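Quick caveat: nothing in here was measured; it's all calculated off a predicted structure.
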Amino acid sequence: MQRRDVLRMSAAAGAAGVLTLAPVTFAGAEQRTAGAARPDGSGGPAEETRTVSGHLPTGAPDYVYVPVEVPRGVREIAVSYRYDKPTVPAGTNGNACDIGIFDQRGTELGGAGFRGWSGGARTEFFLRADAATPGYLPGPVHPGTWHIALGPYTVAPQGMDYEITVTLRYGPAGTTPKPVHPPERAKGRGRAWYRGDNHLHSIHSDGRRTPAEIAALARAAGLDFITTTEHNTTSSHGAWEGLWGDDLLILTGEEITTRNGHVVAMGTDPGVFVDWRYRARDNAFGRFARAVRRAGGLVVPAHPHATCIGCNWKFGLNEADAVEVWNGPYTADDEVTLAEWDNTLVAHAQGRGAWLPAVGHSDAHRDPDVVGLPQTVVLADDLSRQAVQDGIRAGRVWIAESAKIGLSFSVTGERGEHAGIGERLRVAGASVVTARLAVDGAPGCTVSYVTDQGLRYSEPLPESGSGTVRWRTTADNVAYIRAEIRHPATTPGLPGPMAALTNPVFVGRG
């Protein structure tokens with residue numbers, strides 16, 4: 001049985017960003033007499049299938065919901081879909097459509113009905129009490145109105161033809177196993193600098209690596225902690241059993257992937273889902289940023305100037321706890337983000353409010369993406385969720401392209417005053433201050449000191465890549481000092497790729 005829906009957009013539907021179509025229904029109990037016998041012996045069919053198709057025009061709502069009336073006795077829901085991909089002119093968006101599902105509890109924003117999302121990574125999925133496709137949450141299939149969620153990410157000028165096939169399989173419900181989540185603490189080394197990568201994707205969203213492969217790569221990269229951050233789902237939170245250890249802390253989180261930017265929810269409580277179905281114009285982000293913090297997580301805007309559609313950060317930084325200034329191999333969009341972040345530092349230097357620490361993560365999805373390129377290096381009291389987050393909030397952080405690079409950065413005053421990364425050196429304005437950066441593992445690189453006036457001093461490292469670079473100035477002359485270590489320039493007129501950078505040391509009374 002097949003139904004075709006032709007969507008004719010109204011202004012109201014477009015403004016709301018959501019459209020719900022007519023429901024998909026299955027035969028009533030009195031009609032279930034044909035087909036193979038059910039596993040429970042009730043005489044009805046073992047499964048039923050319905051197919052619906054339709055057309056979405058350019059300018060379709062962000063989310064199109066297809067209700068599915070699920071009767072009693074369903075053991076498993078299986079869904080597959082496809083859509084056309086017509087040829088479009090260069091520079092014109094083609095068709096791309098995401099998919100997910102909500103159960104009988106409904107589709108309310110921030111509600112309890114979420115049961116899974118695979119974005120555009122899969123063309124089919126299933127879920128039942130004891131198992132589900134990665135990206136989806138195992139659990140009972142209760143009767144009621146479920147909703148398949150289509151997310152037409154981009155729609156070609158010709159529109160998008162789609163087809164959805166829903167199969168209900170009947171039988172005993174089965175038992176949902178209790179998930180095993182990673183512990184919040186690893187052995188660690190006491191108060192120390194710990195290396196981590198807090199933006200990673202596996203087969204539970206659009207990645208191609210298993211959790212086991214990611215854990216192995218994290219260890220090989222010299223990381224002490226990682227965070228699992230799948231797009232708009234928490235299904236990976238219970239997928240790391242046996243992969244953590246004294247040497248590797250695994251935190252749970254989510255990459256909240258909206259149409260106006262992505263944000264890493266770092267270190268949220270296992271199993272806590274945070275909704276993504278809003279834009280900046282909806283004035284909803286603050287609500288969900290607070291939800292991240294209630295769940296024990298940090299709010300970290302990801303790749304704010306990335307070039308992918310919908311990836312640019314439009315929500316502002318007032319709700320952020322840190323910002324990802326370096327995402328994967330260092331490129332021009334990271335340079336823009338770094339400059340934008342640097343512009344925010346003066347207000348704090350003048351004593352006006354808190355400042356926003358910079359972090360860096362790999363956003364690794366598949367080969368050849370490198371786990372730990374870059375990595376956030378945090379001074380934490382121990383290797384635990386709370387201590388690592390406290391270190392990031394305080395800005396006790398520097399960023400490196402790999403574990404091969406080590407550094408130590410501080411600024412001292414003429415009377416022995418001392419401040420490290422993320423701290424303030426409180427000295428009088430006329431005081432002479434000395435910045436000191438000790439580096440190893442950076443052959444061919446140049447050290448630069450950056451202040452509120454921009455780049456102030458540069459010095460190449462010895463051929464060995466190890467050395468100490470000092471620079472003297474006065475507290476009157478700088479509001480803050482931070483350090484960069486860069487490779488040689490590859491494009492004339494542009495700075496070289498980043499090898500490492502530090503958060504600032506603020507200078508003055510403040």
Side-chain angles (χ1 to χ4, degrees), residues 96 98-100 116-127 131-138 179-183 186 194-245 247-257 262-268 270-271 273 276 300 302-303 306 308 311 324 326-331 359-376 400-404:
D98 298 338
I99 196 167
W117 183 257
S118 50
R122 288 184 168 79
T123 59
E124 59 185 14
F125 64 86
F126 78 91
L127 55 86
T133 299
Y136 295 81
L137 307 181
V180 178
H181 294 130
Y194 294 100
R195 296 174 180 263
D197 189 346
N198 301 307
H199 188 170
L200 293 163
H201 296 277
S202 76
I203 58 173
H204 284 263
S205 59
D206 59 344
R208 292 292 180 268
R209 292 167 172 151
T210 65
E213 290 170 330
I214 292 172
L217 290 170
R219 286 183 166 96
L223 300 182
D224 301 294
F225 64 94
I226 59 173
T227 306
T228 173
T229 56
E230 309 297 353
H231 294 285
N232 301 337
T233 185
T234 59
S235 73
S236 68
H237 289 190
W240 299 84
E241 185 175 4
L243 299 177
W244 58 79
D247 63 330
L248 185 64
L249 174 69
I250 299 175
L251 306 181
T252 55
E254 179 185 343
E255 184 174 4
I256 305 165
T257 307
H262 303 183
V263 58
V264 168
M266 177 199 160
T268 47
F273 166 73
W276 78 96
V300 185
H303 45 65
C308 47
C311 292
E324 188 182 81
W326 183 352
N327 176 277
Y330 196 83
T331 56
V359 295
H361 308 129
S362 74
D363 196 5
H365 285 68
R366 60 187 68 82
D367 293 339
D369 297 352
V370 178
V371 172
L373 171 59
Q375 50 196 245
T376 291
E401 65 180 356
S402 77
K404 294 179 181 178

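- Contact detail for A132 and P138: the closest heavy-atom pair is CB-N, 3.8 Å.
- Going from atom CD of E230 over to atom OG1 of T233 covers 7.5 Å, rounded to the nearest 0.5 Å.
- A pairwise comparison of heavy atoms in W244 and H181 identifies CH2-O, 3.7 Å as the closest pair.
- Looking only at side-chain heavy atoms (C-beta outward), I214 and R209 come within less than 4.5 Å of each other.
- Listed here is the closest heavy atom pair of G372 and S362: N-CB, 3.8 Å.
- Between atom CG of residue L223 and atom CG of residue L200 there is a gap of 8.0 Å, rounded to the nearest 0.5 Å.
- Contacts of W326 classified as ring pair (Phe, Tyr, Trp, His ring centres under 6.0 Å), with partners at least two apart in sequence or in another chain: Y330.
- In this structure, a donor-acceptor pair under 3.5 Å is absent between the side chains of N327 and H361.
- Here I226 contributes atom CD1 and T376 contributes atom OG1; the two are 13.5 Å apart, rounded to the nearest 0.5 Å.
- To the nearest 0.5 angstrom, T210 atom OG1 is 3.5 Å from E213 atom CD.
- Closest heavy-atom contact between G245 and A186: O-CB, 3.6 Å.
- Of all heavy-atom pairs between F225 and M266, the closest is CE1-CE, 4.5 Å.
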> Between R208 and D367, does a salt bridge (charged side-chain N to carboxylate O under 4.0 Å, His left out) hold up when you go through it step by step?
Replying inline: CA-CA 8 Å; R208 292 292 180 268; D367 293 339; over 6 Å; no

> Which is it for T228 and S236 under the side chain to side chain donor-acceptor pair (under 3.5 Å) test, yes or no, and what are the steps along the way?
Replying inline: CA-CA 7 Å; T228 173; S236 68; 2.7 Å; yes

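- Checked by atom type and distance alone, the side chain of D224 never pairs as donor or acceptor with a backbone atom of Y194 at under 3.5 Å.
- Between D197 and D363 the shortest heavy-atom distance is OD1-N, 4.5 Å.
- Between H231 and D206, some side-chain heavy-atom pair lies under the 4.5 Å cut-off.
- H201 and H365 have parallel rings, their planes meeting at less than 30° on a 0 to 90° scale where 60° marks the start of perpendicular.
- Within the 4.5 Å cutoff, the side chain of R122 has heavy atoms near those of the P134 side chain.
- Judged by distance alone, with hydrogens and angles left aside, the side-chain atoms of E324 form a donor-acceptor pair with the main-chain N or O of H303 at under 3.5 Å.
- Checked against ring pair (Phe, Tyr, Trp, His ring centres under 6.0 Å), F125 has the following partners two or more places apart in sequence or in another chain: Y136.
- Put simply, the side chain of W240 does not reach to within 4.5 Å of the side chain of T252, judged on heavy atoms.
- Using modelled atom types, one side-chain atom of H237 and one backbone atom of G253 make a donor-acceptor pair closer than 3.5 Å.
- The CD atom of E401 sits 7.0 Å away from the CG atom of L373 when rounded to the nearest 0.5 Å.
- The CG atom of L243 lies 5.5 Å from the CD1 atom of I250; values are rounded to the nearest 0.5 Å.
- A side-chain donor-acceptor contact under 3.5 Å links H199 and E255.
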